[in-house]
Visitor: 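Next up is a structure, given as structure tokens.
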Protein chains: 2
Amino acid sequence: MVTLRQVAERAGVSIKTVSRIVNGDPAVNVKTRDFVQVHLQNLNYIPNQAARQMRGAVSTVYGLMTDAVATTPYSVDIVRGAQAALIEKHQTLLIASTDGDAAREAELWQTFRSHRVAGVIYAAMFHKAHEVGNPAYDQSIILANCFAPNNDRPSILPDDEQGGYTQAKHVLKLGHRRIGVITLSLDIVATKLRRQGMQRAFNEAGVSYNLANERRGVVGLLDNQTLVIFEVATEMFKSHNRPTAIICGNDQIAMQVYSAAASMGLIIPHDLSVIGFDDLKLISETLRPQLTTVALPYYEIGHRAVELSISAREQDENFAPRILIPCPLIERKSCRKLS
Amino acid sequence: MVTLRQVAERAGVSIKTVSRIVNGDPAVNVKTRDFVQVHLQNLNYIPNQAARQMRGAVSTVYGLMTDAVATTPYSVDIVRGAQAALIEKHQTLLIASTDGDAAREAELWQTFRSHRVAGVIYAAMFHKAHEVGNPAYDQSIILANCFAPNNDRPSILPDDEQGGYTQAKHVLKLGHRRIGVITLSLDIVATKLRRQGMQRAFNEAGVSYNLANERRGVVGLLDNQTLVIFEVATEMFKSHNRPTAIICGNDQIAMQVYSAAASMGLIIPHDLSVIGFDDLKLISETLRPQLTTVALPYYEIGHRAVELSISAREQDENFAPRILIPCPLIERKSCRKLS
DNA sequence: TTGTAGGCGTTATCAA
DNA sequence: TTGATAACGCCTACAA
């Protein structure tokens, strides 16, 4: 690798002069600059980050730690969002996955420390609590799509309460009153929050939220039991008072509802309105009719997490905001207005 | 950050002694070792990678460059595979995305060079040719899910020819003879390769591959035109000689075929066998019946790419193997044996 | 406007 | 078995 010294020798100037030029210091003669720049080009000089950083400069590398267990495929958009935010600032991203293993996580904190990363984002692949297992990491840690049990760390989260509200509000506004709900498992954070949101929407509309119309689904993406939804939906449709709209805990559930509806001869959205959650485009854009749903703002979460990480460096250690990112309604073709 | 010097002072030994202990040099008195190790622990010493690397050690960081345009959600498994392979070797991964922009790519080569990464993997999100745009990167570059137009770089690719063969072989073996094919766009590499594979299977079975049964689909995942498949399939089913099996270019196409079949009252697999490609679990495991398909081995591709990168460091510059990873058949419930 | 000296944290060399 | 010294490439402080 070419060093400043080598360029300096070729150009017949001092190391410092070359350094100035590389770093755009204006205090340098234009002629010298142009002259040296040619050599810089010819030798294809690239500054050595390690050396720069050792000299005391702030690291240009951020760390991103993920727990890639039971991954939903679109949650990697968190990573994309983070990358995008970082590239704007000419920073780079060191990435690693714990696979949900605490020992691995501990190792990774060491690794990140060893690289003196400027900050780290811990990103969970679904919304949950996570106690960061680092005994002694001293830079900023931002939680993305997860939160500290004691709320003592900055975190960026999807606003699931608002998401549930948005789902319910949408179908209510379209005039639906007999509304079925098929949720994810009750033990995940998002389910509870969304239900609160739905209840709020029902209250506002002066409709009582009828638990009897709620069914519990299954969360596991890779879980064969998701097929259970088909039965659940079918049973709902057989009811003498069958719902005119179904609110689903995610798009996969909605997909099953489509199947169940088709098998009973119900036409969506004419006979039945369906609204999903997540906006898994693979599903939402491929279903016929395309699925109206509420999106999980993963990209935005990653993006904001990086911004927060950067700004956190100037905060004191009690800095622990909890930032909620809205889940937008994505209107497509699966809901109709009752007249 | 704690340095060797600080530990040395505390322990009352020389810097070099501490260094020896940190690096597991056996030439050190056991007593000294134990004694110093206590201080190492107490002060929570972590070696500074930048300093180590500057001293001339080999970098422990690899670079991964992706082109995240029009991403299929599961192709990120390439990244997972790469991470897994790297963690086994206690290496880390610097990651960045070009977004398909050549200027950005050029910048990234500089960045990677600047960090003196030990090697880089360029991973495409779908199988294609890619001319690496690096004027002067001198370490090993491995192409994952893509290949150099001149075949002058090592690359790891899915064996699409074998994948197509596997699809066709499967339905032929089940006794199907009237077989419809809905491909991806013809301008992508995979389509041509898979068709060759299908033709090979047909030849082996002594059946002629009838182009009249082939329809061209659309590749764009985010493309509304995928809905066109529904019409294509419906038209096929209306034919007086309707196919008993459909080979699909991907699982999304298969999903559309399911819809079309349902709307015509055809039961899968009784009236129609369907085989997909990609194994997008979100779809393949959620469809009813679950979809028989051929998987794209993304994880494996990422894993092998890293292994290749590591071994490539000892090769001369003409090292340019082209390694094909098989696409395995994932048998589920959507195909039946004709009796 | 340009250059010199020194030091960042680590490891290799050589000496004790 | 241990330690002093130099060097890696860069940048800051200071001087010319």
Visitor: Output the single nucleotide from D:dA4, C:dT2, C:dT10 whose closest atom is nearest the side chain of B:Lys16.
Guide: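 Looking only at side-chain atoms, B:Lys16 lies closest to D:dA4.
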Visitor: Once you round it to whole Å, what is the distance between P of C:dT11 and CE of A:Met54?
Guide: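 One finds 12 Å between P of C:dT11 and CE of A:Met54, rounded.
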Visitor: If you check the B:Asn29 side chain, which of C:dG9, D:dG9, D:dT2 turns out closest?
Guide: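 Given the options C:dG9, D:dG9, D:dT2, the side chain of B:Asn29 is closest to D:dT2.
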Visitor: Heavy atoms from C-beta onward define the side chain here; which of D:dG3, D:dG9, C:dT1 lies closest to that of B:Val13?
Guide: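 Between D:dG3, D:dG9, C:dT1, the one nearest the side chain of B:Val13 would be D:dG3.
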Visitor: For D:dG9, does the base pair up with any side-chain atom of B:Arg55 as donor and acceptor (N or O, under 3.5 Å, distance only)?
Guide: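 For B:Arg55, whose side chain was compared with the base of D:dG9, there is no donor-acceptor pair (under 3.5 Å).
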Visitor: Keeping the roles fixed (side chain from A:Asn23, backbone from A:Asp25), state whether a donor-acceptor pair exists under 3.5 Å.
Guide: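 Not confirmed, A:Asn23 side chain does not pair with A:Asp25 backbone.
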Visitor: Quick check: does any side chain N or O of A:Asp67 sit under 3.5 Å from a backbone N or O of A:Thr98, one acting as donor and the other as acceptor?
Guide: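 Here the side-chain-to-backbone pair does not exist.
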Visitor: Of the candidate nucleotides D:dC11, C:dC8, D:dC8, which contains the atom at the shortest distance from the side chain of B:Arg5?
Guide: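 Minimum distance to the B:Arg5 side chain belongs to C:dC8.
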Visitor: Contact between B:Gln49 and A:Thr111 at the side-chain level, heavy atoms closer than 4.5 Å - yes or no?
Guide: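 Heavy-atom side-chain distance check fails, nothing below 4.5 Å.
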Visitor: Assign B:Ile15 to base, sugar-phosphate, or nothing according to its heavy-atom contacts below 4.0 angstrom with the strands shown.
Guide: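 B:Ile15: base contact, heavy atoms under 4.0 Å.
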Visitor: Which listed nucleotide (D:dT2, C:dT2, D:dC10) is nearest to the side chain of B:Val28?
Guide: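 Ranking D:dT2, C:dT2, D:dC10 by closest atom to the B:Val28 side chain puts D:dT2 first.
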Visitor: So which heavy atom on B:Ser59 is nearest to which on B:Val117, and how close?
Guide: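 Distance-wise, the nearest heavy atoms are OG-CA, 4.0 Å.
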Visitor: Out of D:dG3, C:dA12, D:dG9, which nucleotide sits closest to the side chain of B:Ser14?
Guide: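 The closest nucleotide is D:dG3.
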Visitor: Name the closest nucleotide to the A:Arg20 side chain, picking from D:dC14, D:dT2, D:dC11.
Guide: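 Nucleotide nearest to A:Arg20's side chain: D:dC14.
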Visitor: Using only modelled atom types and a 3.5 angstrom limit, is any donor from either the side chain of A:Arg116 or the base of C:dG9 paired with an acceptor on the other?
Guide: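 By the distance-only test, no, there is no pair.
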Visitor: Starting from the 5' end of DNA chain D, give me the residue, B:Thr17 or A:Thr3, whose nearest nucleotide shows up first.
Guide: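 It is B:Thr17, whose closest nucleotide lies nearer the 5' terminus.
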